[in-house]
Amino acid sequence: MRIETDPEILRSFLSDAAHVPGGFAAGVVFPRSVEEVASAVAVAPAILPVGAQSSLTGGATPRGEVVLSTRALTDIAIDRARGIAQVGAGVPISALQVALASQGLWYPPAPTYDGAFVGGTVSTNAAGAATFKYGTTRAWVTGLTIVLADGQILSINRGEIVAAREGFAIDQGGHVLRVPVPRYVMPDVPKLSAGYFARPGMDLIDLFIGSEGTLGIIVSVTLRVVPRKGRCLALMTCTDDGQALRVTRALRERAQRTWLGEGTLDVSAIEFMDARSLAIVPETAFERSGTVKPTNGAVMLLAQVELNASGDIDETIEALADTLAATGVALDPVVALPGDETSAARLFELREAVPVSVNAAIAVTKRADPEIQKTAGDFIVPFDRLDESVALYRRACESRDLDYAIWGHVSDGNLHPNVIPRSRDEMERGREALLEMARAVIAMGGSPLAEHGVGRSPLKQQLLREMYGEDGIEDMRAVKRALDPTSKLAPGVLFPSVDGSPAQRRV
Ligand SMILES: Cc1cc2nc3c(=O)[nH]c(=O)nc-3n(C[C@H](O)[C@H](O)[C@H](O)COP(=O)(O)OP(=O)(O)OC[C@H]3O[C@@H](n4cnc5c(N)ncnc54)[C@H](O)[C@@H]3O)c2cc1C
């Protein structure tokens, strides 16, 4: 397998969406088959598998390894009758959805950034806005083909290998590889991307899902897929956080009744944008979405509503209007009706304009001081602690006089408080604020690592230690040692390598 070392080609692989400076790589390979992945693993002393490099944790920024780009692993085979698709790790989620749509199918747990590759989403146990209804990537993976650090190819299907009391015994043609199961207890939240999955009697496939490239290279994935449903989008304006959370609660309750066959309103996702998030978005983004920029501290919710079995849109809109009236929402929502993909795209664009505008504001400060970085949380709490957690996020930032915005997947209890630092000092205070929030989130039974993973961010690695303690990290290291004794795969991701390499930068 040829290792490409041309600096021009390498340049485009030296950073991910966390934009941590200083990435460097020994080379890059573009394997086209599982055998080519295995031969790359055999020759390279250290390997970082990457997908679309949309990681927000620095986990896909190389620190001297050979980068293994999965972009040439692009096979898709759809079995409509069985409701499954076998997909190469390098297939972008957007391309998978196009292929599925041509057969009337759909893959629900897509992250908001649909340019992410299937292998990347499995490695981070990604989750999108619709986790409330559909769960995370984990729930949709039924099979994996993986190349292990010793070059062995492992193909596993869900249910085939489960842990005994002493852990897993993986038969590798006569030789048995023993892998322990970590002893920590994971928080009971709908989405979690916080180190290795751990549960007595767990399935081996779950150990690899969410392992962020540290235990094996995912080459292909078997996913469950479902028939595509009609859906509409509704953009709602609420007076303040309190009203937005009441609306979210009411919509969730109605949706849960509908799933039990007792209602007509089937909401699969609700996104939240607070007043500061909206203030930072340019006026033009609102005009394009057919609405006006709120000026009075109002907040917005964007709900995805699926059509009921009869496909009756009037009944759906009526049920939505009832809920909004009952929660005191005065303004009519802006609605993108089923099939109106142009209006739907414009509403999604408004939601996406929030992180884009925050990043643009930070980029301006960064021009004066390149060390300034985004300081963002990825917190999830049990839904009944959501009001309390939002108040806590605000207190932690306001008591430190920080500029900040909060947005995210509110129907899952998963919000992203983002500090917008105007100086290095504010960035430090922002990190302090996030640590305070994270500790409180853990105390509420939530997780400060919900969907983006841990990567090489020292702050996120500290949050992982806060969750599971040093013993928990030691349990993860024991798993890593069993499967990758020389720390060849994604060294320094999740926890520092024992020898301290590769160099770590703050994210
Ligand atoms: C605008 C934006 C919005 C986002 N929204 C969401 C969201 O809603 N939900 C969410 O969960 N995430 C979100 N993310 C984060 C990111 O998109 C996800 O983490 C995604 O799953 C990463 O996929 P990727 O292909 O880009 O992986 P990469 O960034 O390339 O890699 C991520 C990690 O996975 C490992 N990896 C990649 N491919 C493989 C492989 N084949 N085998 C083994 N390890 C591998 C890498 O080593 C790295 O540690 C968002 C990011 C952006 C920029």
Side-chain angles (χ1 to χ4, degrees), residues 13 15-19 31 34 37 40-41 46-63 65 67-73 87-96 109-131 136-138 144-149 191-193 195 208-221 269 271 348-349 351-359 374 376 378 380 407-409 412 414-416 418 449-457 460 484 489-494 507:
F13 292 94
S15 179
D16 62 25
H19 302 298
V34 67
V37 173
V41 169
I47 285 221
L48 184 71
V50 303
Q53 292 184 295
S54 67
S55 169
L56 295 168
T57 68
T61 295
R63 297 284 166 203
E65 309 88 348
V67 172
L68 185 145
S69 165
T70 55
R71 74 179 186 198
L73 298 165
V87 190
V91 174
I93 293 288
S94 52
L96 172 64
T112 313
Y113 177 66
D114 67 0
F117 290 3
V118 166
T121 60
V122 173
S123 306
T124 54
N125 188 29
T131 305
T136 64
T137 298
R138 184 179 304 286
L144 288 180
T145 298
I146 305 159
V147 172
L148 299 177
K191 54 171 84 160
L192 190 66
S193 184
F208 291 99
I209 300 168
S211 64
E212 299 192 40
T214 59
L215 300 181
I217 298 176
I218 296 167
V219 179
S220 81
V221 185
E271 294 285 295
F348 281 131
E349 272 171 31
R351 159 67 179 85
E352 276 321 290
V354 172
V356 170
S357 307
V358 167
N359 290 346
K374 182 161 147 156
D378 173 27
I380 185 164
W407 69 86
H409 314 303
D412 303 324
N414 173 207
L415 292 176
H416 303 304
N418 271 245
L449 300 161
E451 57 174 19
H452 297 158
V454 177
R456 283 176 166 153
S457 155
K460 287 178 184 287
D484 181 14
L489 304 178
V493 168
L494 294 182
V507 177

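Side chains included, hydrogens not; waters and symmetry mates left out as well; all remaining heavy atoms used. Just follow the structure's listing: the first ligand is 1, and inside any ligand the first atom is 1.
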Give the C-alpha distance, both sets of side-chain angles, the deciding distance and a yes or no for side-chain contact (heavy atoms from CB on, under 4.5 Å) between N414 and E451. CA-CA 9 Å; N414 173 207; E451 57 174 19; 3.4 Å; yes
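For P111, heavy-atom contacts with ligand 1 shorter than 4.0 Å involve the backbone as well as the side chain. Residue contacts with ligand 1, taken as heavy atom pairs separated by less than 4.0 Å, involve L56 solely via side-chain atoms from C-beta onward. The side chain of T124, and not its backbone, has at least one atom closer than 4.0 Å to an atom of ligand 1 (non-hydrogen atoms only; side chain from C-beta on). The part of T70 lying near ligand 1 is the side chain, judged by heavy-atom distances below 4.0 Å.
The aromatic rings of H416 and W407 lie perpendicular to each other, with more than 60° between the two planes, well past the 30° mark.
Some N or O of F117 is nearer than 3.5 Å to an N or O of ligand 1, by distance alone.
Ligand 1 is approached by H409 to a heavy-atom distance shorter than 4.0 Å. The closest approach between S193 and ligand 1 stays at or above 4.0 Å for every heavy atom of the residue. Close to ligand 1: A127, with a non-hydrogen atom less than 4.0 angstrom away.
Residue nearest to atom 18 (C) of ligand 1, selected from G90, G51, S54: S54 (by heavy-atom distance). Counting only non-hydrogen atoms, the option in Q53, E271, R71 that gets closest to atom 28 (P) of ligand 1 is Q53. Nearest-residue assignment for atom 46 (C) of ligand 1 (options G115, P92, P49, G213; heavy-atom criterion): P49. Comparing S123, S220, A116 against atom 34 (O) of ligand 1, the shortest heavy-atom distance belongs to S123.
Proximity of V118 to I93: side-chain heavy atoms (C-beta onward) are separated by under 4.5 Å at one or more points. Here the side chains of T214 and L489 are not in contact, with every heavy-atom distance at 4.5 Å or above. Using a 4.5 Å heavy-atom cutoff, the side chains of T61 and R456 are not in contact.
Every residue two or more places apart in sequence or in another chain that forms a side-chain contact (heavy atoms from CB on, under 4.5 Å) with A126 is listed here: P111, T121, T124, T137.
Each of the atoms 53 (C) of ligand 1 lies under 4.0 Å from some heavy atom of A17.
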